[in-house]
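Excluded from the calculations below are hydrogen atoms, water molecules and symmetry mates; all remaining heavy atoms, backbone and side chain alike, are included. In this chain, residues are counted from 1 in sequence order.
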Amino acid sequence: MAMSEISRCTYHVFLSFRGEDTRKSFTDHLYTALVHLGIQTFRDDEEIERGNNIKDEIEKAILHHSKISIVVFSKNYAASTWCLNELVMILEHKKSAKHIVLPVFYDVDPSQVKNQTGSYAEAFTQHEQNFESMVQRWRNALKEVADIGGMVLQDRHESQFIQDIVKEVQNKLHLISLYVPPYLVGIDSLVTQINQWLEQDGVNKVGIATICGIGGIGKTTIAKVVYNQNIPRFESFSFLAHVRETSQDCNGLVRLQRQLISDILKGKSHKIYNIDNGINKIKEIVCCRRVLLVLDDVDELEKIRKLMGTQIPFHPGSKIIITSRNRCLLNAHFISQMFELEASTNCGGLSKLFEVKELASSESLQLFNWYAFGHNSVPESSMAYARSLVKHCGGLPLALQVLGSSLSSKSVSSWKSALEKLEEIPDRKIQEILRISYDSLEDDHDKNLFLDIVCLFIEKDRDYTTTILDGCDYYTTIGIENLVGRSLLIINEKNKLMMHQMIRDMGREIIRQESSDIGKRSRLWHKNAFDVIREKIGSRTVKCLTIDLKGLLEDKAKRTNTTLHFPKHSKSQFLMSNDVDMETQAFAKMKRLKLLQLDYVRLKGDFKDFPKRLRWLRWHGFCMQSFPVDFDINELVVLDMRNSKLKQVWKDTECLPNLKILNLNHSHSLLKTPSFSGLPSVEKLMLKDCINLVEVDQSIGELKMLTFLNLKDCTRLRHLPRTIGSLISLEELILSGCSRLDDVPRELHNMESLKVLNLDETAIYQSRLGLHWLLLKRSRGLGFSWASLPGCLVKLSVESCKLSNDVMPNDLCNLASLKSLNLSRNPIHYLPESLKNLTKLDELLLTSCTELQMIPKLPVLLNVFECKFIFGDNSPFQGSGIINLPCFFSSTRCVIFGCEKLTEVENLFKLEPIENFEAEEIRRLFNVDSINRNRLQLYSYLTDSIMLATPQVLQECGITSTFVVGSEVPIRFKHGTNEHRISFFLPTPSHPDEKIHRFSLCVVFSLASDQMLELLPSVYIFNETKTIMQIYRPSFIGIPQTNDNTMLWLIHWPVTDCQFEGGDLVSCMVVPIHLSIRKFGVTYESEHNIGYEYGFSHLSTGDEVSTRNIKMDLTEHLPSLESYGNVKVQLCNYIEEPKVVASPQVLYDYSIITTFDPFPFDYNGHYYGHQAGKTEVSISVPPNSSRKISCFLNSIIIFSAKNDRTYGFLPCLEIVNETKGTKWTYSKHFMGIPETKNTLYWTTCWNFRGDELEADDHITLRVFSDLSVLEFSIDLVYDYELEDNPIFFSQLPWKSKCFKYLHGVFVYILSKSKKNLYRLQSLVKC
């Protein structure tokens, strides 16, 4: 579902339920869970304003204001006629719109609902007596909804049931929000206060708030709820979790800065080299947009200063929320430092404090019950124990959640035992309380799995962790599910393992309690691990040991106030300077060691007694030139040797049958890869940034399980072995940055699984021999063929490969599966025509192709072309419309920023020097005698680039415009003003056929702001009489040299027949957006007897018909309908789902075009054969003077409805050629349903060929429908050069003015986001 569809609905969800059954129980909890995730939900007791008609409000909520209806079936649901009528209404809406119905069977079985048995049968016994006429409709509705298939409670907990429903709703809405627990108690009041602060603090005021409280009190959860509910109100938003913990990690602050920048720029990552670099980039991006920023778990102000700096130029209206255990974290001095002086003059007004209190006893019991029983009720046998357990938790939500989950489904005796255990622990010892959840794990397998994750794998990828732990004889998948089920572990949106710090500390405390002798504990980390190695006191008990010596020394330096300086590319130099050496003998007794991390540790001694059961070895900064021969690593599953000093991994072939991941990234001394003959199970091989790597071993072809190979930035690598073609499982190959790689084996096409190939910044362009693998055939004047590329490729990137057109492939037909193609930063002048054959291509990146001049019509631009077709072909508008190419272009995934020489996109726009036009043509186009040809600056919104040239003529979608230096409106312009708006009446024409066919506009403007390049100016033409609006937003804009200089914007604007006529009141307006309008002139021209003028034939009296023999484009065969405002037409579909649309819908089938429109339009004078109140019209076909190819019969039928009942009769149109005895019948698959006493216009266009209709044929058209026919009119048009192209009609979506406007706003925001991203990337490239 597109976001624009959701935005047109007031509510996401409509809740239908039996109030007496579930209002204050199940439905209330479901409603709360939905709202806390930012899902706008309607329920009748809260959403209907006092005094409003309840029935009308509910009907409005269903029909117009919601996207999904959740129907909660309970035991007494069928007893309510209100509920049954509501259900009928929901299902009728489902038939006429894209409305989703989700049945929820709370305490009834679907079969009971479908067959009306049990309590439903009893209810219908009563209904048969009192509502006989409605009973069958109700029964049918219940049967229909039961057949849909929904969510059934059965015997599972209500808590899990609600969580499943919420997930289903999120999936159907495609909403992205932060995860919050499904059962939240006692937070609504504080959430409301924070929301009020966000809303009432003013859109132009920067604000900062602290949510404070003890650990585990729910600060983060409240912040997430507020964040979810308010992100639509801000332009950008970011939630930085675990600031305290992350900032303590190596490069942790830089990672937070990267995330913040990525979030603000909508998911695009940027290179951040150091903290200062990150601060500058953050300041650049937060100054130009309203942001909502949440900093979670901040323990000291210095972290914020290091993260974002001081004097941060937040955009007005931005809000910052911080969660912290420190109530006094913020102070006036810090706030004055954090914000720019102007924004911080009133520090007290900027900051706000919200303190989270412990839950009350009743709230604690409620939250506990949800996790223990799945609902808010306690069995009598457990009530006393539950109250006692809740008391010991002290109102701490995290403890209540974990404890409740751990006791779920346990016996009363287990509860008693748990309570007895808790009574031995003081209330404030939260860590001990959390351990109860650990003790509740069913076996040692899950307990050991939990402890390993606690020590090593928090914030690690789930799949990566699973690979390692599966190799340690764990059943990791089911084990992780068990830990998640016990609330001990969370899988976040990025598939990473997350754990609350209190739970982590609890797990580490369990390990510490194993023994007072640290050498006899099962798992060792950081300082304890360092001490055990240094003192050589390890034992057989140790199974896991992790140490980051660099991190330890940094921590020590902080404690002793010692400043350490680390070279950028030589972490080992730091270690040597500190002379930290340890001995291998320290590991001799650790025979059971399986998981080992030794980052930046230097060991002395031999490895013959080193543990031989290692499954995971991470040794960043390994200082030896090769692996020791006596180091037994045969059982390894993952070997991570990043930043090592290795020159060769091992001297002889090593047999590692279980190794799945080999990571040698950033090993700058590595010259050659190891032999892979003994590594049959490797799935991922990472060699990124091995800058001295010159050879990849031939044995790589033996890695039949390899799916991922990364050779990025291996700058000395020139060749790949031909055996690489044998990697039948390889899915992703990254060769970007291999700047000397000029030869890739032709065997690449044998990779039958390859989906992603990245060749960015390689040297394949330098040598024609290097392209032999791409060459299928070569002939004079032709480019290269890339037929040797594997046909299964989905993504291909050749950015910055210096590809010019002489080496650019001319044939890409073999890449039929390609979806993404990156040609950015290549000196190509044009794109190969064969790109048109890549029908699946939905992403084309052309960033900074500075020589590119023209883009052909490609599949990836289909949306742009369809947008153009909305308004016609040569004439850009039919009725109300918008021309806004920059926004529509940005709605595609075709990026052209930085294409400085791009002057044409086929069928969309073309930019030509004014020298290409004769003086007479300039006079005709712009109504001026001469043009000032001085050079000027022209800015392209499409490419975000500025060109300096003589005036250029821009042609886009039928409108022609130019910018020239000048200060006066030419004398030929009839109407002028010094304002930005002008109004006038069109004169009465001197000839009856005379029509306005074009407007000429001249805007004299100067600069009003330096921000003119950020927003598009707009020009509007309104026909106030006919209520027609046309909008034009240009793709280019002229830039005056200074604020005092002026420039002329000349626009040639054709209009279609009958849109503007004598006597119409016309208004023209410029919305300047950072421009200052000095003068504004408008003129117009009219013509009569235009042979190419579009329209319908004029009214004739009687049955005598005169037709115009004209050439017509298929786009002009549609009736001239108009739509105003956000209207909705209810369409009853007799075959598939019903749907509701916001504008007329055009259907093309069987050479018939048909559409419905709820608004009246001017058809009088355009149709003949006009009959009022009849269902039949007859005419005779007039003679024609030329050979016809086809003719079109257009009809308008005006319906009305006397009541709101559903119409079951299939509407039908019948055309009979009485002369030839032939008949055509058209039964509609869907029918418009007018609202009571309103009218609905059904228009059709029939295409007749050959001799189906000839001169003097007498034809009759009849309509059959159970709707009332008010009027019936037809029109006949001949055509002589029509091409038979029915597919063309399927590309003509008819969209309302409101939709066009909303879509334009959405894609404009997307355009700005892409543009800013391009600019930042360009800065990085420089």
Side-chain angles (χ1 to χ4, degrees), residues 178-179 181 215-216 220-221 224 239-256 258-259 296-299 323 398 401-402 405 430-431 434-435 437-438 441 446-472 474 476-477 479-512 521-529 543-548 550-552 555 594-599 615-616 618 620 638 640 661:
L178 296 176
Y179 173 80
T220 300
T221 298
K224 286 182 177 180
F239 190 103
L240 298 184
H242 312 302
V243 171
R244 177 185 62 83
E245 183 177 10
T246 304
S247 62
Q248 294 173 352
D249 295 340
C250 176
N251 290 325
L253 282 171
V254 173
R255 293 207 310 272
L256 290 171
R258 286 176 184 153
Q259 181 188 339
D296 175 53
D297 190 22
V298 178
D299 60 340
T323 70
L398 181 62
Q401 174 186 346
V402 174
S405 299
I430 299 172
Q431 294 298 318
L434 295 176
R435 174 159 183 170
S437 179
Y438 169 82
L441 292 173
D446 288 357
K447 290 180 180 180
N448 285 320
L449 179 68
F450 169 74
L451 295 178
D452 282 346
I453 291 174
V454 161
C455 289
L456 287 172
F457 300 111
I458 296 176
E459 296 190 1
K460 296 295 190 298
D461 181 77
R462 178 180 185 173
D463 296 333
Y464 175 77
T465 304
T466 299
T467 298
I468 296 170
L469 295 181
D470 278 352
C472 295
Y474 284 112
T476 314
T477 301
I480 287 178
E481 289 180 3
N482 292 339
L483 296 180
V484 171
R486 297 297 184 184
S487 300
L488 290 169
L489 194 63
I490 295 173
I491 311 298
N492 73 359
E493 309 84 26
K494 298 180 180 179
N495 201 39
K496 290 189 175 182
L497 304 181
M498 308 302 294
M499 188 177 293
H500 193 282
Q501 61 191 30
M502 294 176 60
I503 298 177
R504 182 205 63 185
D505 292 344
M506 176 267 292
R508 292 183 175 181
E509 182 62 27
I510 292 172
I511 298 169
R512 281 193 288 265
R521 294 174 186 169
S522 62
R523 296 159 181 88
L524 300 170
W525 61 93
H526 303 327
K527 181 63 168 58
N528 287 342
K543 297 189 295 184
C544 164
L545 185 147
T546 172
I547 180 174
D548 178 359
K550 176 176 174 291
L552 281 176
D555 290 340
K594 290 186 177 182
L595 304 172
L596 177 60
Q597 176 182 349
L598 292 173
D599 288 356
R615 309 298 172 83
W616 176 67
R618 168 175 159 163
H620 293 183
V638 174
D640 185 350
I661 299 175

- Start with the C-alpha distance between Arg521 and Asn528, add both sets of side-chain angles, then the distance that settles side-chain contact (heavy atoms from CB on, under 4.5 Å), and finish with yes or no. CA-CA 10 Å; Arg521 294 174 186 169; Asn528 287 342; 3.5 Å; yes
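- A cation-pi arrangement is not found for Lys224 relative to Tyr179, the charged atom failing to lie both closer than 6.0 Å to the ring centre and inside a 45° cone about the ring normal.
- Between Asn482 and Leu489 there is no side-chain heavy-atom pair separated by less than 4.5 Å.
- Glu481 has its side chain out of reach of Asp446: every pair of non-hydrogen atoms, C-beta onward, lies at least 4.5 Å apart.
- With rounding to the nearest 0.5 angstrom, the SG atom of Cys544 is 7.0 Å from the CH2 atom of Trp616.
- At least one donor-acceptor pair closer than 3.5 Å links the side chain of Ser247 to the backbone N or O of Arg244.
- Taken from CG in Asn495 to OH in Tyr464, the straight-line distance is 14.5 Å, to the nearest 0.5 Å.
- At a threshold of 4.5 Å between non-hydrogen side-chain atoms, the residues Lys550 and His620 do not count as touching.
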- Which is it for Leu524 and Ile547 under the side-chain contact (heavy atoms from CB on, under 4.5 Å) test, yes or no, and what are the steps along the way? CA-CA 8 Å; Leu524 300 170; Ile547 180 174; over 6 Å; no
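- In this structure, Arg523 and Ile511 approach most closely via the heavy-atom pair O-CG2, 3.3 Å.
- In terms of modelled atom types and a separation under 3.5 Å, the side chain of Arg504 and the main chain of Ile453 share no donor-acceptor contact.
- Residues His242 and Asp296 approach most closely at N-OD2, 3.3 Å, considering heavy atoms.
- Across Cys455 and Trp525, no two heavy atoms sit closer than the pair SG-CE3, 3.7 Å.
- With rounding to the nearest 0.5 angstrom, the CG atom of Leu449 is 6.0 Å from the CG atom of Leu469.
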- Task: Could you please spell out the steps behind the side-chain contact (heavy atoms from CB on, under 4.5 Å) verdict for Asp640 and Ile661?
- Result: CA-CA 8 Å; Asp640 185 350; Ile661 299 175; over 6 Å; no
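- Side-chain contact between Thr476 and Thr467: absent, with no pair of heavy atoms (C-beta onward) separated by less than 4.5 Å.
- Note that OG1 of Thr465 and CG of Asp470 are 10.5 Å apart. Values are rounded to the nearest 0.5 Å.
- Side-chain contact between Ile480 and Ile491: present, with at least one pair of heavy atoms (C-beta onward) separated by less than 4.5 Å.
- Using a 4.5 Å heavy-atom threshold, the side chains of Arg618 and Leu456 count as separate.
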- Leu497 vs Lys460, side-chain contact (heavy atoms from CB on, under 4.5 Å): CA-CA, chis, key distance, verdict: CA-CA 6 Å; Leu497 304 181; Lys460 296 295 190 298; 5.5 Å; no
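- When every heavy atom of Leu451 is checked against every heavy atom of Gly507, the shortest pair comes out as CD2-O, 3.6 Å.
- Contact check for Lys543 versus Leu595: no side-chain heavy atoms found under the 4.5 Å cut-off.
- In this structure, Gln259 contributes its side chain and Phe239 its backbone to a donor-acceptor pair below 3.5 Å.
- The backbone N or O of Lys594 lies less than 3.5 Å from no partner atom in the side chain of Arg615, so there is not a single donor-acceptor pair.
- Here the NE2 atom belonging to His526 is positioned 11.0 Å from the CG atom belonging to Leu545, to the nearest 0.5 angstrom.
- Counting heavy atoms from C-beta on, the side chains of Val243 and Asp297 never come closer than 4.5 Å.
- Atom NZ of Lys496 sits in a sparse spot, with 12 or fewer heavy atoms from other residues, nucleotides or ligands closer than 6.0 Å.
- To the nearest 0.5 Å, atoms CG (Asp461) and OG1 (Thr466) are separated by 8.0 Å.
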